[in-house]
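Proteins get letters first, then strands, A, B, ... in listed order; numbering begins at 1 in each. These figures come from a predicted structure and were not determined experimentally.
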Amino acid sequence: MVTDRGYVEELADVEDDFDRWYVEVVRKAEMADDSPVRGTKIIRPYGFALWENIQRQLDDRIKATGVENAYFPLFIPKGMLEREAEHVEGFAPEVAWVTHGGHRKLEEPWAVRPTSEAIICPIYARWVQSYRDLPILINQWSNVVRWEERPRAFLRTVEFLWQEGHTAHASLEEAEERTLMMLDVYRDLCETELAIPVIPGLKSDSEKFAGALRTYTIEAMMGGKHWALQSGTSHNLGDHFGRVFEINFLDDQGKRHFAYNTSWGLSTRIVGAVIMVHGDERGLKMPPRVAPTQAVIVPIWRKNKEREEVESAVQQVRDSLPSNLRVKADLRDDKTPGWKFNEWELKGVPVRIELGPRDIASEQVMVVRRDTGEKSAVPMTELPALLPGLLDEIQDNMYQAALRMLTEKSVRVTDYEELRQRAAGNAGFSYAYWCGSEACEDKVKTETRATIRCIPFTQPEQSGPCIVCGTDSETEVVFARAY
RNA sequence: CGGGGCGUGGCGCAGUCCGGUAGCGCACCGGUAUGGGGUACCGGCGGUCGGAGGUUCGAAUCCUCUCGCCCCGACCA
């Protein structure tokens, strides 16, 4: 296990200055870069590769539930966006407007979509006549724009990438079922692919999506300050959008009804979660299942004669590995092995394979795990069989580590002062009873800056006193500060 | 949008208070020796100091305006 920080001293301390650590690790690991346009960031190939892997996993899961992909326009005419009152009101402060086309002023400005309900629902209205046209199950991968004031790479940028699913159903029950189904897809994605444990639950009314009947969320705990990150949301829109956009249909009795809608989204913000949940003092730590590079082979040699020998051995080892693994051979000759070790650790590659003359002589390679730093000699012939299992083990170990953090930093509190102190001290998630009143919710928010992240599905057996007003309550919620 | 800080070669910084025509480390290019945890030495290339205007014989330095970034708050996927 490597303990000295070496060059990594250049990286801000992950415990003492987490925000700075984040900014630096994003840049140094070449995940993202600043852009000339205020509030926007450039996602570099290494960051985008992670997103693509996440995307692929999620896309497969979405399609497996019977949803098809489609694409709707970037622009929404002003009038259309304004149809659903709560919806506009909620998004108004963050909408960007197109007022001119070429030299001509538009008669009706276009909104750049902050989300697409307002453009998709009117189209669904056209497509739906009968109950036989339902359900409509569509997802789109897109960019959206929300005029944010404090941009942070991946976590909050003016333009970001996501998928947004939009469905229409004949009954509220069916819509609810879909809403929960998709939330569970997100939960599974996070836990299985990203090694991030999450708390699924319901949002309080004040935190729900503008225009929704109910919003469900998965909340993850970040490292460093142990703040929460809303990592995916799923909304049951009820018939609010069905009514205003007139998505109506005749049932099998010839009776007219409005359709029930759902929408659900997961964004590039999740990349920020991967960084913040797993990263450590040496940089990123990629979950093997989505890591852009799962293993890197670093050749070690002195003289040109050795170089040839080593590089051909590297090639052989590489060719011997299962072709579905993402393996990279780092043959650069302008960097020393030590330099490469540090760089790949910073980038979080799960496994490093070192191969030098000494290894060739004994027909082995040195295998080093990023998660534990553990180093071991593996016979070359055994590597192909061993590597997939090792990656699984690392994935599991990372999940367990994240779960341990979540568990250790989650505490049930009954005393308001304790809640306040935990919030101030970045102590993690605080579980407490809540009477359900907005007044109590607000008080906590203004006084402690912690918010109700969700009302977890898993609830205690007994009731208890509201953390603020003391009223006996059935509901336990998670309070935490959030990104 | 409110409070604070900062913008000087690709990156990190010094120089700004007390104006005199730009410097250091890293990176980059060339070389020699190296190469199992950011290798050493030698020789180079590169900036007009975020932008605009003003004061002055002369501005990175002083004044005004402006843009951007970072941190803290209000809002958020």
Side-chain angles (χ1 to χ4, degrees), chain A residues 1-12 17-20 22-24 27-28 33-41 90-95 114-115 142-164 186 203 206-207 209-210 215 217-220 228-235 263-273 282-283 298-304 306-307 310 332-346 352-360 365-366 368 373 375 377 445-446 449 451 481-483:
Chain A
M1 173 97 187
V2 182
T3 50
D4 69 301
R5 281 163 55 80
Y7 90 102
V8 194
E9 280 166 12
E10 291 169 24
L11 193 62
D17 198 348
F18 191 66
D19 293 336
R20 180 144 185 210
Y22 181 82
V23 171
E24 290 184 359
R27 196 173 53 77
K28 286 176 196 274
D33 205 350
D34 294 334
S35 102
V37 183
R38 201 202 132 266
T40 63
K41 299 278 178 184
F91 280 102
E94 27 186 3
V95 174
T115 176
S142 68
N143 59 340
V144 286
V145 168
R146 295 183 189 176
W147 216 258
E148 300 289 353
E149 295 303 337
R150 274 188 67 186
R152 262 149 73 67
F154 300 112
L155 299 178
R156 193 189 308 106
T157 47
V158 167
E159 180 189 8
F160 60 90
L161 307 181
W162 74 345
Q163 60 65 221
E164 47 177 329
Y186 294 154
K203 280 289 185 190
S206 71
E207 298 273 337
F209 178 78
T215 288
T217 176
I218 49 170
E219 299 285 325
L229 186 78
Q230 180 175 311
S231 303
T233 46
S234 189
H235 317 291
S263 68
W264 23 275
L266 182 140
S267 75
T268 37
R269 179 179 245 197
I270 202 74
V271 172
R282 304 183 73 81
V298 177
I300 291 148
W301 45 267
R302 289 162 191 267
K303 306 186 172 65
N304 275 335
E306 283 177 348
R307 178 180 182 175
V310 168
R332 289 176 294 179
D333 65 358
D334 60 332
K335 302 278 188 261
T336 60
W339 197 96
K340 293 175 183 176
F341 296 169
N342 284 294
E343 184 182 52
W344 292 116
E345 277 172 10
L346 173 68
R352 179 173 75 241
I353 298 163
E354 304 176 13
L355 209 178
R358 298 206 300 257
D359 302 304
I360 293 175
V365 292
M366 295 303 300
V368 186
K375 194 166 180 169
K445 188 174 174 179
T446 20
R449 316 218 337 253
T451 51
R481 294 196 60 174
Y483 283 96

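Going from the C1' atom of rG3(B) to that of rA74(B) covers 12 Å, rounded to whole Å. Here, rG46(B) and rA27(B) have their C1' atoms 12 Å apart, quoted to the whole Å. Taking atom C1' on both rC18(B) and rG12(B), the two are 28 Å apart, rounded to the nearest angstrom. rC71(B) and rG31(B): their C1' atoms are spaced 45 Å apart (whole Å). Across the C1' atoms, rG2(B) and rU64(B) are found 23 Å apart, a figure rounded to whole Å. rU66(B) and rG20(B): their C1' atoms are spaced 28 Å apart (whole Å). Taking atom C1' in both rU55(B) and rG10(B), the straight-line distance is 35 Å, to the nearest Å. Separating the P atom of rG53(B) from that of rC6(B) is a span of 25 Å, rounded to the nearest Å.
If you check rC45(B) for Watson-Crick or wobble pairing at under 3.5 angstrom, you find it has no partner at all. Base pairing annotation: rA22(B) forms no Watson-Crick or G-U wobble pair, as no partner gives both donor-acceptor distances under 3.5 Å. As the counterpart of rC1(B), rG73(B) is assigned, both hydrogen-bonding distances of the Watson-Crick or G-U wobble pattern falling under 3.5 Å. Pairing of rA40(B), defined by two Watson-Crick or G-U wobble distances under 3.5 Å, is identified with rU32(B). With both pairing distances under 3.5 Å, rC62(B) is matched to rG54(B) as a Watson-Crick or G-U wobble pair. The base-pairing partner of rA14(B), taking Watson-Crick or G-U wobble contacts with both distances under 3.5 Å, does not exist among the strands shown. When both distances must be under 3.5 Å, the Watson-Crick or G-U wobble mate of rG68(B) is rC6(B).
Nucleic acid contact class of R352(A) (heavy atoms, under 4.0 Å, all strands): base. Across all strands shown, G39(A) has heavy atoms under 4.0 Å from sugar-phosphate atoms exclusively, and none from any base. Residue Q230(A) is in sugar-phosphate contact alone, with no base atom involved, counting any heavy-atom pair closer than 4.0 Å across all strands shown. Across all strands, G265(A) comes closer than 4.0 Å to no nucleic acid atom at all (heavy-atom distances). Within 4.0 Å of W162(A), counting heavy atoms only, lies no atom of the nucleic acid at all. Among the atoms of the strands shown, none is found under 4.0 Å from any heavy atom of T215(A). Nucleic acid contact class of P93(A) (heavy atoms, under 4.0 Å, all strands): none. Counting non-hydrogen atoms under 4.0 angstrom, R358(A) reaches a base of the nucleic acid. Looking at heavy-atom distances under 4.0 Å, R156(A) makes contact with a base.
For E345(A) against rG37(B), a side-chain N or O and a base N or O form a donor-acceptor pair under 3.5 Å. Applying the 3.5 Å distance criterion, the base of rG36(B) shares a donor-acceptor pair with the side chain of D359(A).
Within 6.0 Å of CZ in R302(A) there are 12 or fewer heavy atoms belonging to other residues, nucleotides or ligands. In the displayed structure, R152(A) atom CZ is contacted under 6.0 Å by more than 12 heavy atoms of other residues, nucleotides or ligands.
A sub-4.0 Å separation between OP1 or OP2 of rC28(B) and a side-chain N or O of K335(A) is present. Between K340(A) and rU39(B), a side-chain N or O to OP1/OP2 separation shorter than 4.0 Å is absent. Checking the phosphate oxygens (OP1, OP2) of rA77(B), no side-chain nitrogen or oxygen of T233(A) falls inside 4.0 Å.
Relative to the side chain of K41(A), the nucleotides rC70(B), rG35(B), rC76(B) differ in distance, and rC70(B) lies closest. For E354(A), taking side-chain heavy atoms from C-beta onward, the closest of the listed nucleotides rC28(B), rG36(B), rA77(B) is rG36(B). For P357(A), taking side-chain heavy atoms from C-beta onward, the closest of the listed nucleotides rC71(B), rG36(B), rU39(B) is rG36(B). Of the candidates rC71(B), rG37(B), rA77(B), rG37(B) carries the atom nearest the V368(A) side chain, counting heavy atoms from C-beta on.
We find that K41(A) and D34(A) are joined by a salt bridge, their nearest charged nitrogen and carboxylate oxygen being less than 4.0 Å apart. A salt bridge links K375(A) with E354(A): the distance from a Lys NZ or Arg NE/NH1/NH2 to an Asp or Glu carboxylate oxygen falls below 4.0 Å.
Nearest heavy atom pair, residue V144(A) against residue W162(A), reads CG1-NE1, 3.4 Å. The two residues Y186(A) and G265(A) make their nearest non-hydrogen contact at OH-N, 3.0 Å.
Taking 4.5 Å as the limit, every side-chain heavy atom of R352(A) sits out of range of all side-chain heavy atoms of W344(A). When side chains are defined from C-beta on, N342(A) counts as touching R282(A), because their heavy atoms get closer than 4.5 Å. Contact check for F209(A) versus K203(A): no side-chain heavy atoms found under the 4.5 Å cut-off.
In this structure, the NZ atom of K28(A) is 15 Å from the P atom of rC26(B), given to the nearest Å. Atom CZ in R27(A) sits roughly 8 Å away from atom P in rC11(B) (whole-Å rounding). Across the protein-nucleic acid pair, F91(A) atom CZ and rC75(B) atom P stand 15 Å apart, rounded to whole Å. Rounding to whole angstrom units, CD of residue E24(A) and P of rC70(B) are separated by 12 Å. As rounded to whole Å, 17 Å separates atom P of rA77(B) from atom CG of L161(A). Put simply, CD1 on I300(A) is 13 Å from P on rU39(B), counting in whole angstrom units. Distance, R152(A) CZ to rC72(B) C1': 12 Å, rounded to whole Å. Rounded to whole angstrom, the span from the CZ atom of R269(A) across to the P atom of rC75(B) amounts to 14 Å.
Nucleotides of RNA chain B nearest to F160(A) and R38(A) differ in position, and the one nearer the 5' end is that of R38(A). A residue-by-residue look at T40(A) and V365(A) shows that V365(A) has its nearest nucleotide of RNA chain B further toward the 5' end.
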